[in-house]
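Here is the structure we will look at.
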There are 2 protein chains.
Amino acid sequence: MKSPLPQPTRAELAILRVLWKQGRCTVRQVHEALRETQEKDTVYTTVLKLLQNMAEKGLVRRDERDRTHVYEAALNEQKTQRDLLRDLMDRAFGGSSASLVIQALSLKRATPEELEEIRKLLDKNEGGRK
Amino acid sequence: MKSPLPQPTRAELAILRVLWKQGRCTVRQVHEALRETQEKDTVYTTVLKLLQNMAEKGLVRRDERDRTHVYEAALNEQKTQRDLLRDLMDRAFGGSSASLVIQALSLKRATPEELEEIRKLLDKNEGGRK
DNA sequence: AGACATCTACGACAAACGTCGTTGACATCT
DNA sequence: AGATGTCAACGACGTTTGTCGTAGATGTCT
């Protein structure tokens, strides 16, 4: 049993991001949050259906005690981010995390604070586990 | 005219990686290269079909002078990598390249040489364009 | 009670994607 | 010439993904 949870699809990931940010949410809350961020509008029942699918897959937990169900993410945000990165690393960077990082750094200028954090991580990485 | 080229799909990206590595290739060459890297085997005609689709989309160029056509990538590898990263950054990291980099660094230990290269990039980034 | 809103459940649908088999043209070998 | 192999082209198909409409139950307001 306990087959590993499937990776979220694009639409599912957008929903997960709402749940990660806002915590427990009703369908309506998710729907309205998406309305604000998303460029393309989706309809209430689409969000409902997606959340139902996600509950069935185990990507979210559903609290059915009230008539209005409440959903929460069942996936860890950082873990999901790493899984997605690993997938992309394998598919587009030949498994090299370094070249991925190098390309990523050219994407957008980070703030000095962020750069500092990255530096610290590099140092820790250097002396870290072999 | 000149609508921007669509992003390659997963299967298309796998093919592009072969073309980036090996340069101009026939369908058969691509097929056999995939056979070696890929875990799941695909059939010759599947690769052919994908390459035909890609040619139509403009993702590859096709040389039809010989009976056996020759394909080459029409997309730049680094540019494609950055596009994919940007997409993931928007979808999963709230547009923050820094947090993406931080997660990526925890993915796999990089070699000292790679770490050095990343450091240099950080420095250049620091003083760089505002 | 009756009108109206809200919610879940469910079926249907179209588009994208990947897969494969078949066909007919062309080449090569004996 | 005939058998065999290789190739491009194409149609068909199943699955996944996202989308939406409708129905029926439940709640709320007057």
Side-chain angles (χ1 to χ4, degrees), chain A residues 3-18 24-35 37-72 80 84 87-88 91-92, chain B residues 3-19 24-35 37-72 84 87-88 91-92:
Chain A
S3 66
L5 297 183
Q7 283 299 98
T9 65
R10 294 178 84 89
E12 288 169 350
L13 183 59
I15 288 179
L16 281 175
R17 295 232 298 140
V18 173
R24 298 165 52 83
C25 279
T26 66
V27 177
R28 187 150 303 273
Q29 287 170 322
V30 172
H31 177 233
E32 279 168 8
L34 288 178
R35 233 176 159 62
T37 27
Q38 222 83 353
E39 61 299 346
K40 185 183 186 309
D41 273 12
T42 64
V43 155
Y44 177 87
T45 51
T46 298
V47 180
L48 169 64
K49 178 81 153 191
L50 283 168
L51 277 165
Q52 286 172 343
N53 294 345
M54 290 169 79
E56 190 154 359
K57 295 185 195 175
L59 299 180
V60 295
R61 278 182 289 273
R62 173 165 56 180
D63 181 346
E64 313 185 357
R65 277 173 304 183
D66 284 349
R67 181 165 93 99
T68 308
H69 298 175
V70 177
Y71 294 85
E72 78 183 314
T80 303
L84 291 168
D87 176 60
L88 185 59
R91 289 191 297 115
Chain B
S3 65
L5 297 184
Q7 282 300 98
T9 66
R10 295 178 84 88
E12 288 169 351
L13 183 59
I15 288 179
L16 281 175
R17 294 232 298 140
V18 172
L19 295 178
R24 299 165 51 84
C25 279
T26 65
V27 177
R28 186 151 304 274
Q29 287 170 323
V30 172
H31 177 234
E32 278 168 8
L34 288 178
R35 231 174 160 65
T37 25
Q38 221 84 354
E39 61 298 347
K40 185 184 184 307
D41 273 12
T42 64
V43 154
Y44 177 87
T45 51
T46 298
V47 180
L48 169 65
K49 178 81 152 191
L50 284 168
L51 278 165
Q52 286 172 342
N53 294 345
M54 291 169 78
E56 191 154 359
K57 295 185 194 174
L59 299 180
V60 296
R61 279 183 289 271
R62 174 166 54 181
D63 181 346
E64 312 184 358
R65 279 173 303 183
D66 284 349
R67 181 167 91 101
T68 307
H69 298 174
V70 176
Y71 294 85
E72 78 183 315
L84 291 168
D87 176 60
L88 186 59
R91 289 191 297 115

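Just so it is clear, the model here is predicted, and its values are computed rather than measured. Per chain, numbering begins at 1; letters A, B, ... match sequence-line order.
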In this structure, how many angstroms lie between the P atom of C/dA9 and the CG atom of A/Leu51, rounded? 11 Å
Tell me if a side-chain donor or acceptor on B/His31 pairs with a main-chain N or O of B/Thr26 at a distance below 3.5 Å. no
Measure from the side-chain N and O atoms of A/Thr45 to the backbone N and O of A/Leu48, and report whether any donor-acceptor pair falls under 3.5 Å. no
To the nearest angstrom, the CE-P distance between B/Met54 and C/dA16 comes to 17 Å
Distance, rounded to the nearest Å, where A/Leu13 contributes CG and D/dG18 contributes P: 10 Å
Rounded to whole Å, how long is the line connecting atom CG of A/Asp63 with atom C1' of C/dC7? 15 Å
From CZ of A/Arg10 over to C1' of C/dC17, roughly how many Å is that when rounded to an integer? 14 Å
Qualifying residues under side-chain hydrogen bond (donor to acceptor under 3.5 Å, both in side chains), relative to A/Asp63, sequence neighbours excluded: A/Arg24, A/Arg65
Residues in side-chain hydrogen bond (donor to acceptor under 3.5 Å, both in side chains) with B/Arg28, at least two apart? none
Along nucleotides 4-15 of chain D, 5' to 3', which nucleotides get a B, which get an S, and which get a -, given that the test is a protein heavy-atom distance under 4.0 Å? -BBBBB-B----
Can you find a side chain N or O atom of B/Thr9 that sits less than 4.0 Å from OP1 or OP2 on C/dG18? yes
Watson-Crick/G-U partner (both atom distances under 3.5 Å) of C/dT30: D/dA1
Whole-Å gap separating C1' (C/dA27) and CG (B/Asp66): 12 Å
C/dC17 C1' sits how many Å from B/Ile15 CD1, rounded? 12 Å
Return the 5'-most residue of the pair A/Gln7, A/Thr46 with respect to DNA chain D, ranking by each residue's nearest nucleotide. A/Gln7
What is the separation between atom CD on A/Gln29 and atom C1' on C/dC7, rounded to the nearest whole Å? 14 Å
Tell me whether the OP1 or OP2 atom of C/dT19 has a side-chain N or O from B/Thr42 closer than 4.0 Å. no
Do other residues, nucleotides or ligands put more than 12 heavy atoms under 6.0 Å from the CD atom of A/Glu64? yes
Flag side-chain contact, heavy atom, 4.5 Å: B/Met54 against B/Leu16: yes
Counting only N and O atoms by type, is there a donor-acceptor contact under 3.5 Å from the side chain of B/Arg62 to the main-chain atoms of B/Gln52? no
